[in-house]
Amino acid sequence: MVWAPESLCVAAMPKNTKVTQREHSNEPVTESVADLLSLEHPMDYKSSQMSMGLSPGSTAPVKALLPSPDPDAEDGRPAWNNKLEYILAQVGFSVGLGNVWRFPYLCQKNGGGAYLVPYFILLLLIGIPLFFLELAVGQRIRRGSIGVWNYVYPQLGGIGVSSLMVCGFVGLYYNVIIGWSIFYFFQSFQYPLPWAECPIQRNGSQAIVVPECEKSSATTYFWYRQTLNITSSIDDTGGLNWKMTLSLLVAWIMVCLAVIKGIQSSGKVMYFSSLFPYVVLFCFLVRGLLLKGAVDGIAHMFTPKLEKMLEPQVWREAATQVFFALGLGFGGVIAFSSYNKRDNNCHFDAALVSIINFVTSILATLVVFAVLGFKANVMNEKCVVENAEKILGYLNTGVLSRELIPPHINFSHLTSEDYAEMYGVIKTVKEDSFGQLGLDACLLEDELNKAVQGTGLAFIAFTEAMTHFPASPFWSVMFFFMLINLGLGSMIGTMTGITTPILDAFKIRKEILCVVCCIIAFLCGLLFVQRSGNYFVTMFDDYSAGLPLTVVVILENISVAWIYGTKRFMQDLEDMLGFRPYAFYYYMWRYVSPAVLVVLIAATVIEMAISPAGYNAWVEAEGAERFHSYPPWALAMAYALIVVAMLPLPIIYIARHFNLISDGSNKLSVSYRKGMMKDISNLEEQDEQRFILSKNPSEAPSPMPAHIALTWAPAAPRR
């Protein structure tokens with residue numbers, strides 16, 4: 001039996017090589033996977049053939065005589081049931097609450113339609129390339145975030161630990177938001193909606209509106225007082241809010257049930273949690289476009305302010321949004337892709353998921369501003385009515401002359417245009433005393449310019465708009481059920497990013513690990529369901545993820561592009577995918593993405609240095625928010641979140657540099673090490689003289705299974 005192709009031949013080796021030393025040694029194989037991989041040369045085993053004493057030019061496929069075991073099946077690692085489950089999981093993880101309440105706000109704030117230009121450019125420059133990189137390393141190495149970076153460069157193994165810790169921090173407060181959505185979901189099953197009107201309280205024989213609600217609005221009061229029952233500062237914890245505690249418990253039970261069986265359970269959940277939000281968004285879009293003022297909102301949204309594109313702040317915020325929209329650095333992307341087959345086309349997946357994410361953001365922006373355009377019209381009409389009543393009062397008391405009112409204006413059917421004309425005349429004639437009249441301009445543009453994001457959009461502005469919908473409880477139920485599913489999809493990815501690397505490193509049942517993680521997370525999450533909990537949610541959102549994740553991703557980029565080697569990585573991709581990715585990725589990974597990330601880190605640090613560290617506290621007496629600086633202990637806690645998240649990076653680097661801990665490679669690729677042990681046992685069964693000493697390599701049968709296909713040669717220098 002003769003191995004014909006050179007790619008399957010084992011070259012003759014001197015006696016002092018690692019292989020011959022291993023052959024004559026009784027010591028167990030402890031060589032690191034990184035060392036073994038440095039000797040690997042790519043080959044296409046599917047097209048390999050071997051001669052069986054056939055005539056020259058006659059070949060027979062290897063598969064016919066020596067079936068190649070499937071490496072993906074050998075390691076016993078779970079796998080996705082089908083490609084659709086995997087794509088839905090990645091979409092569910094990347095498309096989250098930020099697409100609904102963060103992207104529209106940034107779009108409005110940073111130039112409307114003009115903001116889409118820097119966003120799309122940065123999506124191409126850093127978003128898709130880095131998303132592709134994470135998908136590829138996860139799929140190639142088939143490990144979670146810790147195992148992957150131990151495998152690529154053990155001294156930077158802290159990348160995976162930092163990623164896991166950030167996942168933990170984010171998961172703690174992110175699930176609190178799901179808990180809030182659950183509370184609003186159940187409150188929506190009543191008519192009228194409980195936040196539609198201010199509550200009335202009895203003061204002796206009089207019935208008066210609650211002062212806090214009268215000074216703010218019904219939806220604002222319901223959010224701050226009846227939902228959060230918030231304190232006036234972060235120093236006053238106020239004890240647990242039992243309604244929110246129960247909602248948080250329900251949220252963690254839902255997450256636990258979704259991930260308890262790993263991808264076998266979460267994959268099924270994703271069919272609903274990833275697709276249902278699109279059904280709701282399309283329903284809201286159709287309903288919103290039929291509302292009065294929807295076109296005004298959308299036109300305001302997409303009217304480009306081109307001068308904004310020249311502002312560095314716009315590009316910084318676009319880069320940050322691209323970065324977090326795709327879930328880079330969290331470990332969930334790597335964890336999900338690690339359950340793929342090695343020949344899966346992850347390049348297509350990266351482009352597809354990124355485009356779906358971008359289109360979803362555009363769709364959500366259309367929905368949000370169609371609804372907010374309707375709300376702006378309602379509020380503008382309300383403003384016109386209130387100010388028209390003031391003018392009538394001034395006319396009746398003689399403060400204003402009736403000659404100031406244009407003859408065609410009818411107060412019983414007053415339009416916004418009529419009011420604007422009347423307002424302009426009064427302002428011109430009564431220029432000196434106009435300020436004393438207390439009249440508002442009631443401009444639709446002013447209402448549309450009231451930028452809201454985050455919880456302010458979901459739980460105040462949007463809920464207020466829905467109170468004016470016909471059948472408002474139905475739309476409220478649909479909206480908050482959508483938020484629950486959006487949050488659940490992201491939480492499944494976050495939990496997978498936590499549990500996968502732990503399961504890779506330790507022998508533990510996934511069910512037990514999942515339950516323990518959820519119990520611990522619920523107990524830690526009690527910090528966020530105190531009456532002051534919303535302030536801690538803001539703190540964690542501002543400090544726990546931004547800078548640490550950016551550092552994690554740039555180190556991922558450097559590990560692959562500069563330490564492992566971009567050319568080497570491109571060759572690995574060609575072997576894995578069956579085609580060589582575009583040269584575009586080579587230059588992005590090696591030069592452009594690291595440069596953009598360095599600038600983003602610098603901009604983030606500068607922003608943190610010049611911006612006052614604080615939070616918006618709710619002042620009950622004023623019925624409004626006021627900015628408060630963090631007290632020293634809270635500021636120390638905020639910066640501790642950054643330090644703790646990034647601490648594993650230097651600790652593991654120093655420990656492994658001085659050989660204080662192992663490189664972790666013995667826990668990396670179980671299937672790879674199993675395969676190597678089989679290969680060594682095969683070597684023992686061969687005639688050593690035939691293999692090492694005597695014959696031409698082409699006459700010696702290769703001991704290597706086709707699916708590993710290593711050619712023993714000195715490691716190529718890393719470029």
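FYI, the numbering just counts along the sequence from 1.
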* To do: Start with the C-alpha gap between Asn357 and Ser354, add the side-chain angles, then the distance that decides, and say whether side-chain hydrogen bond (donor to acceptor under 3.5 Å, both in side chains) holds.
  => CA-CA 5 Å; Asn357 189 294; Ser354 300; over 6 Å; no
* So do Val605 and Leu547 actually touch side chain to side chain, heavy atoms under 4.5 Å? -> yes
* Asked: Would a distance-only check, ignoring hydrogens and angles, find a side-chain to backbone donor-acceptor pair under 3.5 Å from Arg531 to Asn229?
  -> yes
* Stepwise, does the side-chain contact (heavy atoms from CB on, under 4.5 Å) test hold for Ile234 with Trp633? -> CA-CA 10 Å; Ile234 197 171; Trp633 67 266; 4.2 Å; yes
* Straight-line distance of Ile128 CD1 to Leu123 CG, nearest 0.5 Å -> 4.5 Å
* Evaluate side-chain contact (heavy atoms from CB on, under 4.5 Å) for Leu488 paired with Val255, printing each intermediate quantity in order. => CA-CA 7 Å; Leu488 184 60; Val255 171; 4.0 Å; yes
* Verify the distance criterion only: is there a donor paired with an acceptor across the side chains of Glu317 and Gln321 at less than 3.5 Å? => no
* Asked: Quick check, are the ring centers of Trp223 and Trp180 under 6.0 angstrom apart?
  -> yes
* Structure fact -> Rounding to 0.5 Å, atoms CG (Asn175) and CG (Leu249) come to a distance of 10.5 Å
* Taking the side chain as C-beta and beyond, is there a heavy-atom pair between Val117 and Met309 under 4.5 Å? -> yes
* Can the ring centres of Phe479 and Phe459 be said to be less than 6.0 Å apart? -> no
* **Non-hydrogen side-chain atoms of Phe522 and Leu526 separated by less than 4.5 Å** => yes
* Is there a ring-ring contact (aromatic ring centres under 6.0 Å, His included) between Phe186 and Phe480 once you walk through the steps? -> CA-CA 9 Å; Phe186 284 108; Phe480 289 108; over 10 Å; no
* Would you check, one step at a time, whether the test ring-ring contact (aromatic ring centres under 6.0 Å, His included) holds for Trp618 with Tyr224? => CA-CA 8 Å; Trp618 179 254; Tyr224 282 114; 4.3 Å; yes
* Over 12 foreign heavy atoms within 6.0 Å of CZ, Phe120 -> no
* Hey, are Glu622 and Arg626 close enough for a salt bridge, meaning a charged N less than 4.0 Å from a carboxylate O? -> yes
* Say whether, by atom type as modelled, one donor and one acceptor occur between the side chain of Ser274 and the main chain of Leu88 under 3.5 angstrom. => yes
* Exercise: identify the closest heavy-atom pair between Val314 and Pro118 -> CG1-CG, 4.1 Å
Atom pairs and distances, donor-acceptor, side-chain atoms in residues 277-297, under 3.5 Å, two or more places apart:
residue, atom, partner, partner atom, Å
Tyr278, OH, Thr360, OG1, 2.6
Lys292, NZ, Glu381, OE2, 2.6
Asp296, OD2, Asn377, ND2, 3.3

* Please determine which of Tyr191, Phe462, Phe374, Phe474 meets the ring-ring contact (aromatic ring centres under 6.0 Å, His included) test together with Phe469. => Phe374
* **Pair Tyr174-Leu97, side-chain contact (heavy atoms from CB on, under 4.5 Å): steps then yes or no** => CA-CA 9 Å; Tyr174 202 88; Leu97 298 173; 3.5 Å; yes
* Structure fact -> All heavy atoms of Ser188 vs all of Val477, minimum pair found to be CB-CG2, 3.6 Å
* Structure fact -> Heavy atoms of Pro548 and Val166 approach each other most closely as CB-CG2, 3.9 Å
* Structure fact -> Correct closest heavy-atom pair for Val596 and Leu122 would be CG1-CD2, 4.4 Å
* Closest approach of Ala325 to Tyr119 (non-hydrogen atoms, all atoms of both residues) -> CB-OH, 3.8 Å
* Sidechain-backbone polar pair: Thr397 side chain, Tyr394 backbone, donor-acceptor under 3.5 Å -> yes
* **Any Val210 side-chain heavy atom under 4.5 Å of Cys198 side chain** => no
* To do: Keeping the roles fixed (side chain from Ser476, backbone from Ser472), state whether a donor-acceptor pair exists under 3.5 Å.
  => no
* Short side-chain to backbone donor-acceptor contact, Asn387 and Cys383, under 3.5 Å -> yes
* Main-chain N/O of Leu439 paired to Lys390 side chain as donor or acceptor, under 3.5 Å -> no
* Counting distance only, does the side-chain N/O of Gln530 pair as donor-acceptor with the main-chain N or O of Leu527 below 3.5 Å? -> yes
* To do: Would you list the pairs meeting salt bridge (charged side-chain N to carboxylate O under 4.0 Å, His left out) in which at least one residue belongs to residues 225-239, sequence neighbours left out?
  => Glu212-Arg225, Arg225-Glu620
* Met379 side chain near Glu464 side chain, heavy-atom distance below 4.5 Å -> yes
* Structure fact -> Residues pairing under side-chain hydrogen bond (donor to acceptor under 3.5 Å, both in side chains) where one sits in residues 602-615, two or more places apart or in two chains, turn out to be Glu607-Ser611
* Flag side-chain contact, heavy atom, 4.5 Å: Pro199 against Cys213 -> yes
* Check the surroundings of atom CH2 in Trp242: do more than 12 heavy atoms from other residues, nucleotides or ligands lie under 6.0 Å from it? => no
* Residues Phe536, Val176; criterion side-chain contact (heavy atoms from CB on, under 4.5 Å); working and verdict -> CA-CA 11 Å; Phe536 289 99; Val176 173; over 6 Å; no
* Yes or no on ring-ring contact (aromatic ring centres under 6.0 Å, His included) for Trp195 and Tyr221, after CA distance, side-chain angles and deciding distance? -> CA-CA 8 Å; Trp195 51 82; Tyr221 174 81; over 10 Å; no
Would you list the atom pairs, donor with acceptor, under 3.5 Å between side chains in residues 537-544 and any protein atom, with sequence neighbours excluded?
residue, atom, partner, partner atom, Å
Thr538, OG1, Asn534, O, 3.1
Asp541, OD1, Tyr173, OH, 2.9
Ser544, OG, Phe540, O, 2.5

* Structure fact -> Taken to the nearest 0.5 Å, the spacing of Ser273 OG from Leu486 CG works out to 9.0 Å
* Sequence neighbours excluded, which residues qualify as salt bridge (charged side-chain N to carboxylate O under 4.0 Å, His left out) partners of Glu389? -> none
* **Residue Gln313 excluded, over 12 heavy atoms near CD under 6.0 Å** => yes
* Looking at CZ of Arg102 and OG1 of Thr365, how far apart are the two atoms once the value is rounded to the nearest 0.5 Å? -> 12.5 Å
* Asn241 side chain to Thr227 backbone, donor-acceptor under 3.5 Å -> yes
* To the nearest 0.5 Å, tell me how far Lys243 NZ sits from Leu248 CG. => 15.0 Å
* To do: Could you tell me whether the side chain of Tyr423 reaches within less than 4.5 Å of the side chain of Ile391, counting heavy atoms only?
  => no
* Reported OG1-to-CG distance for the pair Thr320 and Leu549, which is rounded to 0.5 angstrom -> 11.0 Å
* To do: May I ask you to test the Gln187-Phe222 pair for a side-chain heavy-atom distance under 4.5 Å?
  => yes
* By ring pair (Phe, Tyr, Trp, His ring centres under 6.0 Å), which residues pair with His300, not counting sequence neighbours? -> none
